[in-house]
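Here is the structure we will look at.
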Protein chains: 2
Amino acid sequence: MGKCEQCMVRQLNSIKELSKDELIRISHCKTMKIIKKGEVIFNEGDYINGVFCIKSGICKVSKMSENGRDQIIHLIKRGDLLGQRSLISDEVANLKATAVNDMEVCFIPKQEILKDLHKNPNFSMSVLKNMANSLKDTDNIVVNMAQKSVRQRLASSLLYLEENFGVNKDGGVNINLTREDIANIIGTATESTIRLLSEFKKKDYIKLVKKEIVILNRNELKSIEVFT
Amino acid sequence: MGKCEQCMVRQLNSIKELSKDELIRISHCKTMKIIKKGEVIFNEGDYINGVFCIKSGICKVSKMSENGRDQIIHLIKRGDLLGQRSLISDEVANLKATAVNDMEVCFIPKQEILKDLHKNPNFSMSVLKNMANSLKDTDNIVVNMAQKSVRQRLASSLLYLEENFGVNKDGGVNINLTREDIANIIGTATESTIRLLSEFKKKDYIKLVKKEIVILNRNELKSIEVFT
DNA sequence: CGATTGCTTGACCCCCATCAATCCTCGTGG
DNA sequence: CCACGAGGATTGATGGGGGTCAAGCAATCG
């Protein structure tokens, strides 16, 4: 079993604030898991007894709306912590987490994290900052959802995905999302997303390489993002 | 100048976790302000050097979208803290806060709060919990914005407003919002909001007493909230 | 009592949700 | 190796929700 002290991923999140001793303690009680593409890590209403530290892979965090469609709210990747919110509120999960590709994650039990939150102010400040940033991001998402058209949101999301997940050798946005997933990010029907993608393609803002999206004209997409 | 130790409002937020000594220190450096209806407390991009503790009154917290409309994201009332997020991230404000009616607020300078956040784990845990709850609420707002129709969101908002701000002697929802404000909460054009209100009125789900909204049929609104 | 701000209604039309049909692609088992 | 089935991608047709512009009315305020 790998040791947290030697794991580079911890540098990417609040765990970097833990002392050597605290890290060793965590290392002894954590468990590593492999999660297959499509697998559900936790569901709305589940009691998650800890947090997940993502070593590799990507997962989508979503919530089922009453009308039956799943809205994707976050995309979580290497270095992120998953499940912090529920842990701190001491509530069941409000959201569902599903692996977008194969993942390696470490599960750290709740009591350990809580102990450190109480005893290590640097750690708790770091978690607090992290949460504050999420809150800001989410506030901004609300504004976009409420005020922007589907076309604007799609342009915006494409740029976001490329920026955060990079591109592969073909230049394609390097995240394995279906059209339906993309539709669930921007909050629209799958067909609308597809139609807009084909419009963007026709105008040479993007091209499609085997369903993968290659962004050709960032500037044009940026201008769509702010208007029409 | 009032003393925090004697102020009942502190029981309503994280400040209740402070020790007597800490409270006295805060009490000496805080400043009380009266804010008039319509006045802007801070604007997007302002550097807020502390947090506001709301003694009375209500303010709307909003963000201007690139298309020029203001989206209201939170409504803050007695007992709430305003400006926590920016303080913790150590960034300029992402949002704008405007008084909906006359307010009394206390301003607590940043350094004092930060000092307590580092030294008092109960306080920082309380702030953390508070932030976690906001995050959950905001996640849910995203889902509603993305997936629900304007009619659903209006029904939902009316119920929310009544529940959180109560009713006055006429039975009217006890918060002084214009139609435009309501439209900016649900993220739609003012005219659409008005049209839906008049539809609800026609169906006797609500009545209007001098522009104030009196809710007559909660069950019907609840069923609208989940479907159509 | 003007004048500004908020409220209301009408007309118009476009964006996008929905339903339906077809095509594509990839994994599985025979 | 191929057939086949299932899930994903795509395109078309259609209708309604809601945005926008415009005009008139009500109310609030200096």
Side-chain angles (χ1 to χ4, degrees), chain A residues 36-38 60 65-71 98 100-102 144-155 157 172-173 175-202 206-214 224 227-228, chain B residues 36-38 60 65-72 98 100-102 144-155 157 172-173 175-202 206-213 224 227-228:
Chain A
K36 290 267 164 224
K37 171 180 171 178
K60 55 183 180 184
S65 104
E66 279 144 336
N67 73 11
R69 241 208 313 259
D70 217 31
Q71 178 65 36
T98 314
V100 166
N101 51 24
D102 293 350
N144 289 339
M145 286 297 177
Q147 300 286 357
K148 291 190 175 177
S149 67
V150 170
R151 172 185 278 100
Q152 286 177 290
R153 283 181 270 157
L154 177 59
S157 296
V173 174
I175 177 174
N176 192 0
L177 297 174
T178 65
R179 301 292 189 252
E180 189 181 4
D181 285 331
I182 298 176
N184 291 346
I185 291 172
I186 67 184
T188 190
T190 308
E191 298 93 323
S192 304
T193 300
I194 291 175
R195 254 179 266 269
L196 284 169
L197 282 175
S198 88
E199 177 197 322
F200 287 176
K201 181 182 164 186
K202 201 163 292 169
I206 62 172
K207 67 177 177 185
L208 302 180
V209 179
K210 305 206 316 156
K211 318 281 167 175
E212 275 181 358
I213 299 166
V214 179
I224 289 177
F227 186 65
T228 283
Chain B
K36 291 267 165 222
K37 171 180 170 178
K60 55 183 179 185
S65 106
E66 279 144 337
N67 73 11
R69 243 206 314 260
D70 217 32
Q71 177 65 36
I72 296 177
T98 313
V100 165
N101 52 23
D102 293 350
N144 289 339
M145 286 297 177
Q147 300 287 357
K148 290 190 175 177
S149 67
V150 169
R151 170 185 281 100
Q152 287 177 290
R153 283 180 271 156
L154 178 59
S157 296
V173 174
I175 177 174
N176 191 1
L177 296 174
T178 64
R179 301 291 189 253
E180 189 182 3
D181 284 332
I182 298 176
N184 290 346
I185 290 172
I186 66 184
T188 191
T190 308
E191 297 93 324
S192 303
T193 300
I194 292 174
R195 254 179 266 268
L196 284 169
L197 282 175
S198 89
E199 176 196 323
F200 287 176
K201 180 182 164 186
K202 202 163 294 170
I206 63 172
K207 69 177 176 185
L208 302 181
V209 179
K210 304 207 317 156
K211 317 282 164 173
E212 275 181 358
I213 298 166
I224 289 178
F227 186 64
T228 285

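Just so it is clear, the structure is predicted and the values come from calculations on it, not from any experiment.
- Between the CD1 atom of B/I194 and the P atom of D/dG17 there is a distance of 19 Å, rounded to whole Å.
- Using a 4.0 Å cut-off, some side-chain N or O of B/S198 falls inside it from OP1 or OP2 of C/dT9.
- In the set D/dA27, D/dA9, C/dT9, the nucleotide with an atom closest to the side chain of B/K211 is D/dA27.
- In this structure, A/E212 places its CD atom 20 Å from P of C/dC24, rounding to the nearest Å.
- Contacts of B/T190 with the nucleic acid, taken as non-hydrogen atoms under 4.0 Å apart, are absent.
- Residue A/V150 has its side chain nearest to C/dA17 when only C/dT9, C/dA17, D/dT10 are considered.
- With distances taken from any side-chain atom of B/R69 to the nucleotides C/dA20, C/dT8, D/dT20, the minimum falls on D/dT20.
- B/I185 and B/S157 get closest at one heavy-atom pair: CG2-OG, 3.9 Å.
- For A/R151 and C/dC15, the CZ to P distance is 7 Å, given to the nearest whole Å.
- In this structure, of C/dT18, D/dA9, D/dG18, it is C/dT18 that holds the atom nearest to the side chain of A/A189.
- As a whole-Å value, the separation of B/L208 CG from C/dG6 P is 18 Å.
- Using a 4.5 Å cut-off on side-chain heavy atoms (C-beta onward), A/R69 and A/N184 make contact.
- The shortest heavy-atom contact between A/D102 and A/K37 is OD1-N, 2.8 Å.
- The nearest whole Å value for the distance from the CD atom in B/E180 to the C1' atom in D/dG19 is 15 Å.
- In terms of position on DNA chain C, the residue among A/K210 and A/S149 whose nearest nucleotide sits closer to the 5' end is A/S149.
- Between A/K202 atom NZ and A/L197 atom CG the span is 12.5 Å, to the nearest 0.5 Å.
- Closest contact between the side chain of A/R195 and the listed nucleotides C/dT18, D/dG18, D/dT10 involves C/dT18.
- What separates CD of A/E199 from C1' of C/dC16 is a distance of 13 Å, to the nearest Å.
- For C/dT9, the base has no donor-acceptor partner in the side chain of B/R179 [N/O atoms by modelled type, under 3.5 angstrom].
- Here B/T193 contributes atom OG1 and B/R153 contributes atom CZ; the two are 9.5 Å apart, rounded to the nearest 0.5 Å.
- Donor-acceptor pairing under 3.5 Å, judged by distance alone, is present between the side chain of B/E191 and the base of D/dC21.
- For the pair A/K37 NZ and D/dG8 P, the computed distance is 9 Å after rounding to whole Å.
- With rounding to whole Å, A/L197 atom CG is found 10 Å from D/dA9 atom C1'.
- Contact annotation for B/I186: no contact, since no heavy-atom pair falls under 4.0 Å across all strands.
- Considering only side-chain N and O atoms, A/S192 lies under 4.0 angstrom from the phosphate OP1 or OP2 of C/dA17.
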